[in-house]
Amino acid sequence: MSENKVAAPAKKLRFMPQLAGRPYLGLSLTLAVIVIMILWPLVTGKDITRETVFTILLSVTLASSLNILLGYTGYVSFGHVVFFGLGGYVGFYLLAIQGWSLWMAMLAGGLSSALLAYLLGRAILRLRGAYFALATIGINEAMRAFINNFKPFGGPIGMTLNFQVYRDYGGASQALWMVFYTMGALTLLAVTVSFFVRTSKFGLGLLAIREDEDAAEVMGVVAPKAKTWAYVLSAIFPGIIGVLFFFKNGSIEPAPAFRLHFSIETIVMVMLGGQGTVLGPVVGSGLYQGIRGYLLTSAIFKNIQLAVAGGLLLLIVLFVPDGVIGWLRHRFPFLRRVLQ
Amino acid sequence: MNRKLLVILMLLMVSLFVACGGDDAAAPAAVDEPAPAEESAAPAEEAAPEEAAPAPETQTIVVGYTASQTGSQNVSSTRQVNGLMLWMNQVNAAGGLELSDGTKIMFDHVSYDDESNTDRVQELYTRMATEDDATFLISPYSSGLTAAAAVIAEQYGKVMVTTGAASDSTYQQGLTTVFQAYTPASRYLTGAVDLLAQLDPTVKKLAFVYENSKFSTDVVNAAKAYAESLGYEVVLHEGYDPETTDFGPFINKLQDAAPDAILGGGHFQDGSTFARQINEKNLEVNFLTLLVAPPEPDFADLGDAALGVIGPSQWEPQAAFTKASADEAGMEFYGIESDQFVIDYEAAYDGEEPSYHSAGGYAAGLLLEKAIVDADSTDPVKVAAALDAMDLLTFFGHIKFDTTAESHGLQIGHSMVYIQWQEDGGNLGKQVVWPAEGATADALYPMP
């Protein structure tokens, strides 16, 4: 497990933050990209643009959150969707059954996911490599089975939101726009948090764990504690946006809430853009969801969209294995201050 | 390390894509095959200039829907789409619908792959409602996807006829433009309880063993409540995981509980396995009703294990819903009869036998057609009002929608038919055994 890391001493430190330079330039660029995405539907004035961008923003938030664990800490979580599903379920229950407001439900969703991550982190973050990855899959499946048998959450039937609830938010049309802007704000927040984690002392500890966990501990990084908090931070936003997504969706069921495929897609998005960078998950999510969305609705490709998407991904991994941002940073060193 | 991981992930994604997209080749042939419609539309438009009177205006109405071309719902969804496309092609081939002002209504469709999951359903339905100018919508296959699509239909005031979506809950959320073609889950199995009561009034002990999924749980909960209201004692109420392949523990529990009748099941794979293992373990049972699996033609492959098993179906070719039966009941009949539907469907799809999913797809289009005719307009408000007022018999059965605020659009006219596998000249065949007015044979009781 860790022997490989010892044999390859810190050769990937090229992603280290440029603390001596202008760190906020990278953040500004990333946030600017997201703000442009949020404003795009206003420019086009089309509802479909809102829906397309919503899907991308959802992915950016998930990917940026996962990046804290995968990119900065080097731990692969195949079952990260468990936080999206659990947060969604807790929030949906409070919203639909207990009559809470969306905002309080979102907060509860985020906190419940964070709590789960904290408890799990204490237990499974002692595992490394493939063992940790397998454990995360097991946790997701166990949670799905638990929810499937948990009557207050509707068991296998799930829960449905009464359409009247949207009237509290100005009607369905207004509610969909409100959900969109809320998602935009959360995406900006998630990326900002990701940036400050990466450029903080805490983040440096995570990067050290990624490069060599044993060495990091020798150097004074309290690895179990740091990893646990990284796990918690990576779980909060998926929990919050789970509530938002299922509120918009109008219903929640165990299978779509804990869909393992969704986790794998998120990992692909992180790695496609460039893991360990702040901008990478944003670019990766935009590319992945953009390509998938285009192929799905293109008159030419819609019937073979999955095959084409698979082929494109294969080409990307063969020619841009470090992800888009990784490749740009490697190919054009002068961009490293901007592309973080 | 990262590169290897990325390669592994990508290969995993590609294999998932391939696995999910395995049926891509089959689905588009049915989904994107409006050729007869286009061919038939052309002569109608060409013929118009020859008439002396001013040419009637031809209006093409776009019907939008998503299909599960990939993913777990592929088979049922494809059959549903096949049925819908057959209806559309037939209407267009007949020259479309004619309104009282002479306007000809022709139909076109727009569809996308929803991949059997909810991630993009709302995005795709928004696209159809706003970009593709779909005037009417048909639901995706399955209740979960339909619930997500219904929010968009309601938001844009689009009439959506749902098919393949039996869950009651979708129609109890205050929607006004969504109408259900299927018998809802709450009445899916209640007919089986009625049949049992008629077959043997002395029976008192029931067991429910069912798949732990939204659909099956919804159905069984309603049937259990109904049975208990009739005085039955439920001696076993047990859910099993959808992946279950060994029903031994459940059969042992059934032996201990010794019920008079067993009801439950879930989908094809688990239902077939459950029936086979009940037969292998020689469990003594007088009455066995399972969801989804028995109406499928492939269920006959179980041989002796299939004999006597009863299954609810939204539609069966043998069900005698005809113009004559409508006249007898004093009801209006609309559209083709079952015999003709089967002939047309098999001719259109290389001899493929239509399932109730196919019939449901056709029926959804037929209801839309009838509503446009009744409304004499394609205005969504008028069409919704026509659907509200609808009370008729079609080849699919009786159609009537709930118009109360609490359950608007819920199907209250249609009833399930119940088939039983019986021996006919040494061969296994399906017979409709309930309701009595549509029965083609008496039920075998106790089952052999």
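Sequence lines set the chain letters: A, B, ... in the order given, protein chains first and strands last, and positions in each chain run from 1.
Interatomic distance, Glu253(A) CD to Leu145(B) CG, rounded to the nearest 0.5 Å: 8.5 Å. Note that CE of Met159(A) and OG of Ser169(B) are 12.0 Å apart. Values are rounded to the nearest 0.5 Å. Taken from OG1 in Thr126(B) to CZ in Arg50(A), the straight-line distance is 6.0 Å, to the nearest 0.5 Å. Distance check: His408(B) NE2 to Phe163(A) CZ gives 13.0 Å after rounding to the nearest 0.5 Å. Here the straight-line distance linking atom CD of Gln173(B) with atom CG of Leu161(A) works out to 7.5 Å at 0.5 Å rounding. Between the OH atom of Tyr125(B) and the CD1 atom of Ile48(A) there is a distance of 13.0 Å, given to the nearest 0.5 Å.
Both the backbone and the side chain of Asn212(B) come within contact range of chain A, each with at least one heavy atom under 4.5 Å from a heavy atom of that chain. Only the backbone of Gln172(B) comes within contact range of chain A, with heavy atoms under 4.5 Å apart. Contacts of Tyr166(A) with chain B are made by side-chain atoms alone, with heavy-atom separations under 4.5 Å and no backbone atom involved. For Ser251(A), the part lying under 4.5 angstrom from a heavy atom of chain B is the side chain only. Heavy-atom distances place the side chain of Tyr156(B), and not its backbone, under 4.5 Å from chain A.
Taking 4.5 Å as the limit, some side-chain heavy atom of Asn221(B) sits within range of a side-chain heavy atom of Ile157(A). The closest side-chain heavy-atom distance from Asn117(B) to Pro256(A) is not below 4.5 Å. For the pair Gln289(A) and Arg120(B), the minimum side-chain heavy-atom distance is below 4.5 Å. In this structure, the side chains of Thr55(A) and Asp119(B) stay at 4.5 Å or more apart for every pair of heavy atoms. Side-chain atoms of Asp113(B) and Leu296(A), non-hydrogen and from C-beta on, do get closer than 4.5 Å to each other.
Taking a 6.0 Å sphere around CD of Gln269(B), one finds it holds 12 or fewer heavy atoms contributed by other residues, nucleotides or ligands. Other residues, nucleotides and ligands contribute at most 12 non-hydrogen atoms within 6.0 Å of the CH2 atom of Trp40(A).
The backbone N or O of Thr130(B) sits nowhere less than 3.5 Å from a side-chain atom of Asp47(A) that would complete a donor-acceptor pair.
The candidate with the highest count of non-hydrogen atom pairs below 4.5 Å against chain B, out of Asn148(A), Thr160(A), Asn149(A), is Thr160(A). For the set Ala147(B), Ala150(B), Ser213(B), Pro242(B), the entry with the most heavy-atom pairs within less than 4.5 Å of chain A is Ser213(B).
Closest heavy-atom contact between Ala148(B) and Asn249(A): CB-OD1, 3.1 Å.
We find that Arg292(A) and Glu115(B) are joined by a salt bridge, their nearest charged nitrogen and carboxylate oxygen being less than 4.0 Å apart.
Considering only residues two or more places apart in sequence or on other chains, Lys248(A) meets the side-chain hydrogen bond (donor to acceptor under 3.5 Å, both in side chains) condition with Glu51(A), Gln122(B).
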